[in-house]
Protein chains: 2
Amino acid sequence: MKYDFEESVGVWLTLAHQSYSRAIAERLLPHGITFRQAQVLGFLELDGPQTQSELAGKMMIEPPSLVGVLNRMERSGLVERQCCPDDRRCNSIHLLPSAEALWQQVAECARQVRTAAVRGMSGAEIAQLKRLLTKVNENVSDF
Amino acid sequence: MKYDFEESVGVWLTLAHQSYSRAIAERLLPHGITFRQAQVLGFLELDGPQTQSELAGKMMIEPPSLVGVLNRMERSGLVERQCCPDDRRCNSIHLLPSAEALWQQVAECARQVRTAAVRGMSGAEIAQLKRLLTKVNENVSDF
DNA sequence: CTAAGATAGTTAACGCGTTAACTATCTCTC
DNA sequence: GAGAGATAGTTAACGCGTTAACTATCTTAG
């Protein structure tokens, strides 16, 4: 009773995910930014200044994971931690001017990869892919 | 011109992949083993003693990434690095007795998650999922 | 046979993920 | 108003991924 490494959803999933994130990382590299940092930029751009917990929630990582990302981004002068006056436990994360310019380029990278990923697929196929991936997600989430 | 985080293949892919690997990790935890260590076990079980480069290739990680995994597995008494007599640059990685027993349980975990992932999907849908994921992989690999 | 190049493995430096444990601060209840 | 509990952020310890640079060893060409 052998375990077949080749014929498992897990393998296809891993392969696709790996190529995808590698493609984004490679395109982001020349801009001196990582995928996670780009995501922070995106959410701040989209929803304005917000809390670390909020950001971590949207990025679907644990708060401690965000600490390092923000430290590096602060060091690069992209964002700023600003203490909330009404709740001194919170930090409000703000974009700095240099980040605004960068965001346009970063968004373009993401858009390119996103477009490339579904090249040659019909609308119906894309919808189907989404449906099946969502299904896998559900199946596996609730154990 | 906003970047839509919700409606991208990347997001669906990430979500599915995350749940999947989390599900495996959770099931493996009680056995005191990680996903990567389980993979090493699997490939050694399947193909017998082999080189670190070979292993890294099959796991699709870089050789330096494997070093730490093997160090920890050696520390746990699961595997052994054995110097190849015919080519003294290579290490031949061997399973130790305690690993043999563990493997049965680990394989069962993987099988459970793999089965759960496609629950409620027809054979045609699974084939379609594979086809689409492979397509995404190809699309994005060759830039 | 020797010098040059390829290959196997390691280390170092970095980024990022986790959980557990800690510090502040806020909130809620008595 | 004081003590108990919830919440925001951090740190520490761990696992794992990368690239670049280094050490051995083997191979190959001259």
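Please read all numbers here as calculations on a predicted model, not as lab measurements. So you know, we letter chains A, B, ... as the sequences are listed, proteins then strands, and number each from 1.
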Rounded distance (Å) that lies between atom C1' of C/dC14 and atom CD of A/Q37: 12 Å

Whole angstrom is fine here: how far is it from CZ in A/R72 over to C1' in C/dA13? 12 Å

Could you state the CG-P distance from A/L28 to D/dT18, rounded to the nearest angstrom? 18 Å

Starting at atom CD of B/Q39, determine the distance to atom P of D/dG15, rounded to an integer number of angstrom. 17 Å

Would you say that A/N91 contacts A/T51 through its side chain, given a criterion of any heavy-atom pair below 4.5 Å between the two side chains? no

Looking at side-chain heavy atoms only, is the closest gap between A/L133 and B/L15 below 4.5 Å? no

Heavy-atom closest contact (B/R72 atom, B/Q37 atom, distance): CB-NE2, 3.9 Å

May I ask you to test the B/M59-B/V40 pair for a side-chain heavy-atom distance under 4.5 Å? yes

Decide yes or no for B/C90 and B/R88: does some side-chain heavy atom of the first lie under 4.5 Å from some side-chain heavy atom of the second? no

Will you find, in the side chains of B/K58 and B/Q39, an N or O donor that is under 3.5 Å from an N or O acceptor? no

Hey, is B/K135 close enough to A/E125 for a salt bridge, meaning N to O under 4.0 Å? no

Please tell me which of A/C84 and A/I61 maps to the more 5' nucleotide of DNA chain C, matching each residue to the nucleotide holding its nearest heavy atom. A/I61

Which atoms of nucleotides 7-10 of chain C (N or O only) lie under 3.5 Å from a protein N or O atom, and what are those distances?
residue : atom : partner : partner atom : Å
C/dT7   : O2   : B/R89   : NH1          : 3.0
C/dG9   : OP1  : B/Q52   : N            : 3.2
C/dG9   : OP1  : B/N91   : N            : 2.9
C/dG9   : OP1  : B/N91   : O            : 3.4
C/dG9   : OP2  : B/S53   : N            : 2.7
C/dG9   : OP2  : B/S53   : OG           : 2.6
C/dG9   : O3'  : B/N91   : ND2          : 3.3
C/dT10  : OP1  : B/R81   : NH1          : 2.9
C/dT10  : OP2  : B/Q52   : OE1          : 3.2
C/dT10  : OP2  : B/Q52   : NE2          : 2.6
C/dT10  : OP2  : B/R81   : NH1          : 3.1

Answer yes or no: does a side-chain N or O of A/R88 lie under 4.0 Å from OP1 or OP2 of C/dC26? yes

Residue B/R36, side-chain heavy atoms: nucleotide from D/dC16, D/dT18, C/dG17 that is nearest: D/dC16

Scan B/S65 against the nucleic acid and name what it touches under 4.0 Å (heavy atoms): base, sugar-phosphate only, or nothing. base

Starting at atom CE of B/M59, determine the distance to atom P of D/dC16, rounded to an integer number of angstrom. 8 Å

Report the distance from atom CD of B/Q18 to atom C1' of D/dC16, rounded to the nearest whole Å. 15 Å

B/R75 atom CZ is separated from D/dA13 atom P, nearest whole Å, by 15 Å

Here the distance between atom P of C/dT18 and atom CE of A/M60, to the nearest Å, is 11 Å

